[in-house]
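Accompanying notes for the structure given below.
By convention in this document, chain letters (A, B, ...) are assigned in the order of the sequence lines, proteins followed by strands, and residues within each chain are numbered from 1.
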Protein chains: 2
Amino acid sequence: MEAMNDRVLVVDDEKDVRDLIRLNLRAAGFDVLEASTGAEGLAIAKHDLPSVIILDLMLPEMNGVEVCRALRRNPATSRIPVLMLTAKSTEDDKVEGFECGADDYVTKPFSPRELILRVRAVARRQPDQGVAKPSPVRSGSIQLDRGAMTATILGKKLVLTTTEFRLLELFVRRVGNIQSREVLLSEVWGYQANLDTRTVDTHVRRLRNKLGKVGAMIETVRGSGYRLNAEGP
Amino acid sequence: MEAMNDRVLVVDDEKDVRDLIRLNLRAAGFDVLEASTGAEGLAIAKHDLPSVIILDLMLPEMNGVEVCRALRRNPATSRIPVLMLTAKSTEDDKVEGFECGADDYVTKPFSPRELILRVRAVARRQPDQGVAKPSPVRSGSIQLDRGAMTATILGKKLVLTTTEFRLLELFVRRVGNIQSREVLLSEVWGYQANLDTRTVDTHVRRLRNKLGKVGAMIETVRGSGYRLNAEGP
DNA sequence: TCCCAAAGTGACATTCTCGTGACAAAATCC
DNA sequence: GGATTTTGTCACGAGAATGTCACTTTGGGA
């Protein structure tokens, strides 16, 4: 089982650049999210709250500076470090990049090694005590705290294993939607997991047991998979 | 009453460079301290706890990397952002600079405007560092004094080693959040750390022992890392 | 009502993870 | 320079987490 990785969102319209960055970040132990437009990047940022955002300055429609400003305006995303990426290297661009609230600035062509180092340097800045924490994910009577990896049910703190937490997190993030065993396997266990789909059943059972009464919110959809019911028990 | 300015320490053996930086920083509203050797820089850093340190990589006797390591090693100065400055610009130098714990890297010749921006960016990451007396960090029954490098548990003063103190400091600063062994290694030991992740375990154990009953507040999260529990024992 | 595929359940072996004590190297202190 | 402290690594063992399986129960269509 792999430790919980930092997630990095890469926003760039060029697929080649995204591929290059993704490969290097993966190799360095990061999880990678991708977006090809500013709007998409914003949406993913709000939804997934990555640890770092790598943002291309030159984007069609909504450019990097606008995206960065939008991120800074939203309390949920305002603290996420932004690493600005651009082909230009004139001083004015750097100034603009910094002034919109970017935390660092890398010019293309960049060396992957340097990029990783800068991402790490910027990711190191984790929320300390007193700094606003990303709002906990919640659904009905279930509340999740990713940083602490804790689940609170009806005000009571639960002890979950890593797998159980990931499973529950996925259900909560996709409340009301059916998740097939295959999807659960690939999302919770990883793409190359070569496991029996019935393994999911066992973990769902364990999770239900720990959730007690609330466990009934995880419904079985015969022939399709499982679904977290939006309504509380 | 005007707020006190951020203080920046400039360590460089060339007077011309110091002058240039000083003038620009002053104009940008910073207070400037200066040192011409690494040893002097270290002394001033410990004494005055500046908000940011600009450090020349090439110094006679003690070079910038050594100074940076020494800064990171001392709990009183370990959190001060370091901006590494050098005439060289090969990738290997950047890597070395980052790996000793520098927060950013600027190559000579630099544009003053960019330097100021980077200083600001880097100073922004440490909102409360330096200016006032280093506020004692505390969480529940644990209280830390960075300056004196002492920990007080339930009113009793503890003697900790440097490593133990920094480890505890990190836990306290991030109460309730899981810290992976990798994060702990890179934050406490510096991210050139070429150490076995299990080394963390050993130090956590030593720390727990010294903390006695309170040691139980440092929880093990199987498969993920350690977490300081917000609730007291 | 019967049938049977799908899902629930308990048990078990295996794999991992972590705590611990010991030890040698390195750093620090007199 | 010798003594002491600090530090990093290792091997071992206990116990937790996980994946699989055989068996039972369930539920919906024929």
Side-chain angles (χ1 to χ4, degrees), chain A residues 1-4 149 151 158-168 171 178-190 192-212 215-229, chain B residues 42 66 69-70 72-75 78 149-151 158-168 171 178-212 215-228:
Chain A
M1 179 65 54
E2 199 170 324
M4 206 173 30
M149 215 180 97
L158 277 194
V159 179
L160 298 179
T161 70
T162 309
T163 311
E164 287 161 358
F165 183 84
R166 287 222 189 124
L167 192 56
L168 183 56
F171 280 133
I178 299 178
Q179 305 300 315
S180 71
R181 289 177 175 71
E182 287 74 18
V183 165
L184 291 171
L185 268 186
S186 74
E187 297 269 339
V188 175
W189 279 264
Q192 74 253 27
N194 202 17
L195 302 180
D196 191 331
T197 57
R198 295 300 310 281
T199 299
V200 175
D201 296 38
T202 299
H203 283 274
V204 167
R205 173 168 57 93
R206 287 169 182 158
L207 187 52
R208 279 174 172 160
N209 285 341
K210 288 200 181 177
L211 291 181
M217 282 173 70
I218 302 177
E219 295 178 336
T220 304
V221 184
R222 213 179 162 76
S224 300
Y226 297 95
R227 169 180 54 192
L228 182 65
N229 195 328
Chain B
L42 267 182
E66 294 173 69
R69 291 225 168 90
R72 292 294 181 243
R73 199 173 165 66
N74 184 327
S78 67
M149 209 182 104
T150 57
L158 275 193
V159 178
L160 299 178
T161 70
T162 309
T163 311
E164 287 162 357
F165 182 87
R166 299 189 60 186
L167 191 56
L168 182 56
F171 279 132
I178 297 181
Q179 305 300 315
S180 71
R181 290 177 175 72
E182 288 74 18
V183 165
L184 291 170
L185 268 186
S186 72
E187 297 270 343
V188 174
W189 280 264
Y191 50 114
Q192 93 282 11
N194 215 9
L195 303 180
D196 193 321
T197 56
R198 294 301 309 281
T199 299
V200 175
D201 296 37
T202 299
H203 283 273
V204 167
R205 173 168 58 94
R206 288 168 182 159
L207 187 53
R208 278 174 173 161
N209 285 341
K210 286 200 181 176
L211 291 182
M217 282 174 69
I218 302 177
E219 296 178 336
T220 304
V221 182
R222 253 176 193 264
S224 298
Y226 295 96
R227 170 183 53 198
L228 182 65

Answer with base, sugar-phosphate or nothing: what part of the nucleic acid does B:V221 contact at a heavy-atom distance below 4.0 Å?
sugar-phosphate
To the nearest 10 degrees, what angle separates the axes at the start and end of the helix from C:dT1-D:dA30 to C:dC30-D:dG1, five pairs each?
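Here the local axes at opposite ends form an angle of 30°.
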May I ask you to evaluate whether A:T161 reaches the phosphate of D:dT18, defined as a side-chain N or O under 4.0 Å from OP1 or OP2?
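For A:T161, the contact criterion (side-chain N or O under 4.0 Å from OP1 or OP2 of D:dT18) is met.
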Whole angstroms only, please: what is the [atom1]-[atom2] distance between [X] and [N]?
X      : N      : atom1 : atom2 : value
B:L160 : D:dT7  : CG    : C1'   : 15 Å
B:H203 : D:dT6  : NE2   : P     : 12 Å
A:L184 : C:dA7  : CG    : P     : 12 Å
A:L207 : D:dT18 : CG    : C1'   : 15 Å
B:E164 : D:dG8  : CD    : P     : 11 Å
A:L195 : D:dA17 : CG    : C1'   : 14 Å
B:F165 : D:dT7  : CZ    : C1'   : 18 Å
B:W189 : C:dA26 : CH2   : C1'   : 16 Å

Contact state string [nucleotides 19-25 of chain C, B base, S sugar-phosphate only, - no protein heavy atom under 4.0 Å]
BBB----
Rounded to the nearest 0.5 Å, what's the gap from [atom1] on [X] to [atom2] on [Y]? Could you check?
X      : Y      : atom1 : atom2 : answer
B:L195 : B:L184 : CG    : CG    : 12.5 Å
A:L167 : A:T162 : CG    : OG1   : 12.0 Å
B:R181 : B:S224 : CZ    : OG    : 9.0 Å
A:L207 : A:T161 : CG    : OG1   : 8.5 Å

Between A:S224 and B:R222, which residue's closest nucleotide on DNA chain C lies nearer the 5′ terminus?
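Its nearest nucleotide lies further toward 5', so the answer is A:S224.
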Please tell me if the side chains of [X] and [Y] come closer than 4.5 Å, counting only heavy atoms from C-beta onward.
X      : Y      : result
A:E164 : A:L168 : no
B:Q179 : B:V188 : no
A:M217 : A:L211 : no

One pair to check against side chain to side chain contact (heavy atoms under 4.5 Å, CB included): A:T220 and A:R208. What are the steps and the verdict?
CA-CA 11 Å; A:T220 304; A:R208 279 174 172 160; 2.8 Å; yes
By salt bridge (Lys or Arg N to Asp or Glu O under 4.0 Å), which residues pair with B:R198, not counting sequence neighbours?
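Partners of B:R198 under the salt bridge (Lys or Arg N to Asp or Glu O under 4.0 Å) test: B:D201.
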